[in-house]
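For the single chain, residues carry numbers from 1 onward in sequence order. FYI, side chains are in, hydrogens and waters are out, and symmetry mates aren't considered; it's all heavy atoms of this structure.
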Amino acid sequence: CFNLFCTVRGASVAYFFQDIIGSDAAIPFFGAMVVFYAGLFLSVGEVSNMIGVAITVPVAGRLGKKTTFMMVCALLMVLSSTFYFVPVTETGMWMMLMLQVMISILTAIFVWNIQNKTT
């Protein structure tokens, strides 16, 4: 199920940006307008994945692997569902980026927990 989640989410990004966001979308960033496109969205996700990998051991060590795993699964469901309701506005695009950061961090924690079965 997790592989399906990642595959569908990753494969639909290009279509989401082409059909829903559009090619002329931009968000303000320190006084400049930055084009909001799939590459930016995916890049933010990859950097967030790296952050997630870095914080996984301390988080899982503190909460325990089972608790961490269950919390991550619940949060991924809530945040991914929330993404559906974000409007395509300037504020909404920032919300999409923030959700991408949180979902990507949690995805890295989830994968680490699966790959490291022993405590």
*After noting the C-alpha distance and the side-chain angles of Leu40 and Val35, does the key distance pass the side chain to side chain contact (heavy atoms under 4.5 Å, CB included) rule?*
CA-CA 8 Å; Leu40 172 66; Val35 177; over 6 Å; no

*Hey, are the side chains of Met71 and Leu106 touching, using non-hydrogen atoms and a 4.5 Å cut-off?*
no

*Assess whether side chain to side chain contact (heavy atoms under 4.5 Å, CB included) is satisfied between Ile55 and Ile109, documenting all intermediate values.*
CA-CA 8 Å; Ile55 67 170; Ile109 294 171; 4.3 Å; yes

_Least distance between heavy atoms, Ala38 atom then Ala14 atom_ = CB-CA, 4.5 Å

*Does some side-chain heavy atom of Phe16 sit less than 4.5 Å from a side-chain heavy atom of Met96?*
yes

*Would you say Val44 and Met98 are hydrophobically clustered, going by side-chain heavy atoms of ILVMFWY under 4.5 Å?*
yes

*Can you check whether Phe29 reaches Phe36 side chain to side chain, under 4.5 Å on heavy atoms?*
no

*If Ile, Leu, Val, Met, Phe, Trp and Tyr residues are connected whenever their side-chain heavy atoms lie under 4.5 Å apart, and connections chain through other members, are Ile20 and Leu99 in the same group?*
yes

*Check step by step if side chain to side chain contact (heavy atoms under 4.5 Å, CB included) holds for Gln100 and Arg9.*
CA-CA 11 Å; Gln100 172 72 340; Arg9 195 166 183 276; 2.7 Å; yes

*What closest approach, in Å, do Ser80 and Phe5 show between heavy atoms, and which atom pair accounts for it?*
OG-CE1, 3.3 Å

*Heavy atoms, side chains only, cut-off 4.5 Å: are Pro28 and Trp94 in contact?*
yes

*What are the two closest heavy atoms between Asn49 and Ala108, and how far apart are they?*
O-CB, 3.3 Å

*Closest heavy-atom pair and its distance - Phe110, Cys73*: CE1-SG, 3.4 Å

*What pair of heavy atoms forms the shortest contact from Thr68 to Gly64, and how long is it?*
OG1-O, 2.7 Å

*In the single-linkage hydrophobic clustering (I, L, V, M, F, W, Y; side-chain heavy atoms under 4.5 Å), do Val88 and Ile103 co-cluster?*
yes

*Step by step, work out the side chain to side chain contact (heavy atoms under 4.5 Å, CB included) result for Trp112 and Val53.*
CA-CA 7 Å; Trp112 183 89; Val53 168; 5.5 Å; no

